[in-house]
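Report on the structure given below.
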Amino acid sequence: MMLTALGLMSGTSLDGVDVALIETDGKQVKAFGPTGYRAYSPAERNLLRQALSEAVHLPQRDARPGILADAERAVTRAHAEAVTAFLAQNRMRPEDIDIVGFHGQTVLHRPEKRLTVQIGDGPALAKAIHIPVMYDFRAADVEAGGQGAPFVPVYHRALVQSLQREGPIVVVNIGGVSNITYIDGNDALIACDTGPGNALLDDFMYRTMNQAFDAEGKFAALGKVDDAWIARALELPFFALPPPKSLDRNDFAALKLGDVAPADGAATLTAFTAAAIARIIPLLPRRPRSWIVCGGGARNLTMLRMLRERVGSATVEAADTLGWASDAIEAQAFGFLAARGLKGLPLSYPSTTGVPMPMTGGVMARP
C-alpha cells in the first residue's frame, strides 16, 4: 500500500527545517511531491548552539535540563510552523498526509556510550499539526549497539536503483557531517560518516567573517590550501577505521588552523572535507565509478572541484543534475523511513550502522 509521507529534517548545520512529500510503500518511491523550507531565525540558531554546548553533559537521553527544554520547545514549534506553512502553500489538509517522519535536532551523538539525543517533542508536534508522527528513529539502533548513523542509506538505495547505472555508486551527503552510502547492485549496502562536512567551515565563516556559510565556495576559491595541515588531520585514528562508523558534529572542533588568512582557512577546511571523503576509497570493496553529491555541500562548487581532484577517473556530480532534489533528500528519507517503520521494515543494517541485526525503529505519536 502506497502512503503519502511527509519527511522533516533539521540537520547539524542548524540552518532550518526541510520539508518534503513523497509517495512510497517503504520499499520504492512512487512519486516525489513538493518540498518546503523554514529557516531558523538568528535567535533560534543561537539557542541551538547553546543547546549543543549544554548537551555534552547530558546524563541520559530523555533529560532536558535548562536551555535544552527551551531548545526542544523551539524546535517543535519551528517544525509545526514548517508543516502548517507547507500545507497552506500546497493547498493540502492534514488528512491528506498519512504519516510524518520527524527527525528532530541532534544535540548529542555518542554511540560508544549508547547515547544519541534528538530534541523535538513528537507527541506535541502530532497534536499541533493533527497528523500521526513517527519520531526518535535512531534510539533503537544505538540501544542495540549500532552507531545510530547514517540512517539515509536505505533511501539512497531506492533512489539509485531507479538510475539503472553500473556500480559501484557512492552517494555522498555533505551536511554538518559528511556521510556516504556505497551501493553495488542489490546486495552491497555500506555506509558510514567520513568526517567533517560543512560544520567546521560554517563555524569558521561565522567566527571570522560573520557569515553563516561560504556561498558556492567562492571565498574558499580565493585561498591557498595548507596541505600539510590536512595531512596531519587525516592521521587522526577515525579516518583509518573501516565502515560502519559515525561522528558527532563537534568531533573535529578541537582541530585549530592557527593564525591564517580567512580565505586560506576556508580553502583548507573545504579541502579537508573533500580529502576526508576520498580517504574512504581504500576501505571500500571496490573503487566507485561514480559519486553523487547531495546536501548543502553539493552547492559548494569549490568543494565539488576538490573532490573531483581526489577520486581519480570516477565521475562526481551534484544530485540535482539527476533530477533529485538535493536539498530535500534527507527530509524525503525520513518520510520514507517513517513508512518503513510503520510496516516494521529495517531502517538500519550491520553494514550501515554496525547494529547486530537489521533493525526497525521509530516511535509513533498520534494527534
Side-chain angles (χ1 to χ4, degrees), residues 9-13 52 55-56 58 60-62 101 103-120 134-157 170-183 188-200 234 236-253 273 276-277 279-285 294-295 329-330 333-334 336-337 340-341 345-363:
M9 181 66 195
S10 173
T12 48
S13 47
L52 282 170
V56 173
L58 271 179
Q60 61 214 47
R61 65 183 313 274
D62 55 355
H103 176 267
Q105 183 71 56
T106 298
V107 292
L108 185 69
H109 187 63
R110 288 279 176 260
E112 72 282 359
K113 296 181 179 175
R114 299 206 172 186
L115 184 63
T116 187
V117 182
Q118 287 75 43
I119 57 173
M134 184 167 281
Y135 66 106
D136 210 6
F137 287 91
R138 300 181 192 272
D141 181 278
V142 170
E143 215 167 276
Q147 292 281 318
F151 248 56
V152 186
V154 284
Y155 184 61
H156 286 161
R157 181 175 61 189
V170 171
V171 179
V172 191
N173 177 60
I174 307 179
V177 168
S178 292
N179 55 62
I180 60 116
T181 303
Y182 171 94
I183 301 149
L189 184 67
I190 297 170
C192 66
D193 287 346
T194 58
N198 300 312
L200 286 182
L234 289 175
L236 287 166
F238 173 83
F239 296 108
L241 293 174
K245 54 185 176 178
S246 71
L247 290 165
D248 181 79
R249 180 192 190 279
N250 292 326
D251 276 348
F252 294 99
T273 293
I277 293 167
R279 177 68 180 80
I280 201 68
I281 294 171
L283 303 172
L284 296 172
C294 54
I329 283 176
E330 281 201 284
F334 279 92
F336 183 76
L337 290 170
R340 284 181 76 82
L345 295 168
L347 310 187
S348 58
Y349 297 84
S351 61
T352 60
T353 67
V355 77
M357 68 196 89
M359 293 281 301
T360 190
V363 178

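Position 1 is the first residue of the sequence, and the numbers go up from there.
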Which atoms form the tightest heavy-atom contact between [X] and [Y], and what is the distance?
X: Ser178; Y: Ile277; answer: OG-CD1, 3.9 Å
X: Ser246; Y: Gln147; answer: OG-OE1, 2.7 Å
X: Ala333; Y: Val152; answer: CB-CG1, 3.5 Å

* Asked: Are any non-hydrogen side-chain atoms of Leu58 and Val117 less than 4.5 angstrom apart?
  ->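 Of all side-chain heavy-atom pairs linking Val117 with Leu58, at least one is under 4.5 Å.
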Quick check: does any side chain N or O of [X] sit under 3.5 Å from a backbone N or O of [Y], one acting as donor and the other as acceptor?
X: Asp193; Y: Asn179; answer: no
X: Glu330; Y: Met9; answer: no
X: Gln118; Y: Val107; answer: no

* To do: Measure up the Phe137 and Phe334 rings against each other and bin them: parallel (under 30°), tilted (30 to 60°), perpendicular (over 60°).
  =>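 The rings of Phe137 and Phe334 stand perpendicular, inter-plane angle above 60°.
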* To do: Apply side chain to side chain contact (heavy atoms under 4.5 Å, CB included) to Asp251 and Arg110, showing your working.
  => CA-CA 10 Å; Asp251 276 348; Arg110 288 279 176 260; 3.2 Å; yes
Using residues 351-362 as the side-chain source, report each donor-acceptor pair under 3.5 Å to any protein atom, sequence neighbours left out, with the distance given to one decimal.
from	atom 1	to	atom 2	distance (Å)
Ser351	OG	Leu189	O	2.4
Thr352	OG1	Tyr349	N	2.9
Thr352	OG1	Tyr349	O	3.1
Thr353	OG1	Asp141	OD1	3.4
Thr353	OG1	Asp141	OD2	2.6
Thr353	OG1	Val355	N	3.4
Thr360	OG1	Leu345	O	2.9

* To do: Apply side chain to side chain contact (heavy atoms under 4.5 Å, CB included) to Arg157 and Val171, showing your working.
  => CA-CA 9 Å; Arg157 181 175 61 189; Val171 179; over 6 Å; no
* To do: State the CD1-OG1 distance between Ile281 and Thr194, to the nearest 0.5 angstrom.
  =>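 Rounded to the nearest 0.5 Å, the CD1-OG1 separation comes to 11.0 Å.
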* Point-to-point distance, once rounded to the nearest 0.5 Å, from SG of Cys192 to CG of Leu283 ->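 Cys192 SG to Leu283 CG: 8.0 Å, rounded to 0.5 Å.
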* Could you please spell out the steps behind the side chain to side chain contact (heavy atoms under 4.5 Å, CB included) verdict for Val154 and Leu347? => CA-CA 7 Å; Val154 284; Leu347 310 187; 5.6 Å; no
